[in-house]
Structure formats: structure tokens, C-alpha cells
Amino acid sequence: AVFAGTEDLEPQQNTFELFPNPATDQITIASASNLEKATIHIYDLRGKLVQTEYNLTGQSISNISMLEKGQYIVKLIQDDGVSTKKFIKR
């Protein structure tokens with residue numbers, strides 16, 4: 001394989017914003033990229049999957065009111081990569 005430059009070797013930056021943090025009833029997930037084919041997984045700190053969401057829009061609001069208080073990890077899965085962020089449920 002021939003590389004034209006270092007940009008071919010760098011992983012895709014797949015970032016998103018998550019707010020508010022800490023949160024009580026809902027979190028908003030916003031991304032500059034299209035979220036229509038994205039999936040959101042929310043895990044507790046033990047690694048247990050506690051919530052999944054599909055068919056998102058450019059800004060997705062997730063209801064977290066049924067989650068227990070504590071720390072969680074949001075995993076955003078898109079065609080071009082996976083990103084994670086932590087949040088606190090109060």
C-alpha cells in the first residue's frame with residue numbers, strides 16, 4: 001500500500017457533545033455529523049448495558065429518569081467510528 005500522507009494513518013475523530021452533565025431526567029447528545037444511522041448505548045460503570053437508542057436526529061434527547069443515581073458511559077456508534085463520554089445521573 002502507498003500512503004499519500006499522514007492523514008491516511010490518523011483515525012477518524014468522531015466527537016459529540018453531551019449535556020447537561022450532571023443530569024437528572026434527560027441528556028442531550030449533539031454531533032456535527034449525521035446521527036440518523038447512529039446508535040447510542042448507555043452503560044453503567046460495571047459495563048452493563050442499561051439503555052439503547054436508534055433512529056436519532058442531529059440532536060438527540062435521551063430520557064434517563066429511570067436510571068439510578070450514579071456514573072454512566074455513553075457510547076455513540078456511527079459508520080465512521082465510536083466515541084464515548086461519561087456523565088453523572090443525579
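Given the structure is predicted, the values throughout are model-derived calculations rather than measurements. All heavy atoms count here, side chains included; hydrogens, waters and symmetry mates do not.
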For residues 16-24, please give each side-chain donor-acceptor pair under 3.5 Å, one per line with the distance, not counting sequence neighbours.
from, atom 1, to, atom 2, distance (Å)
Asn21, OD1, Ile88, N, 2.9
Asn21, ND2, Lys86, O, 3.1

By side-chain contact (heavy atoms from CB on, under 4.5 Å) - contacts of Thr52 (at least two apart):
Thr39, His41, Leu49, Tyr54
With sequence neighbours excluded, tell me which residues meet side chain to side chain donor-acceptor pair (under 3.5 Å) with Ser60.
none
Can you list everything that forms a salt bridge (charged side-chain N to carboxylate O under 4.0 Å, His left out) with Arg90? Sequence neighbours excluded, please.
none
Is the closest side-chain donor-acceptor distance between Ser33 and Gln78 under 3.5 Å?
yes
Passing option when Ile73 is tested against Val50, Thr84, Ile42 for side chain to side chain contact (heavy atoms under 4.5 Å, CB included)
Thr84
Selection residues 34-45 - residue pairs positive for salt bridge (Lys or Arg N to Asp or Glu O under 4.0 Å), sequence neighbours left out:
Asp44-Arg46
Interatomic spacing from CD1 in Ile29 to CG in Leu76 - rounded to 0.5 Å:
7.0 Å
State the CD1-CD distance between Ile27 and Gln51, to the nearest 0.5 angstrom.
7.5 Å
Got a list of side-chain donor-acceptor pairs under 3.5 Å for residues 63-72, not counting sequence neighbours?
from, atom 1, to, atom 2, distance (Å)
Asn63, OD1, Ser65, N, 2.9
Asn63, OD1, Ser65, OG, 2.8
Tyr72, OH, Glu68, N, 3.3
Tyr72, OH, Glu68, O, 2.7

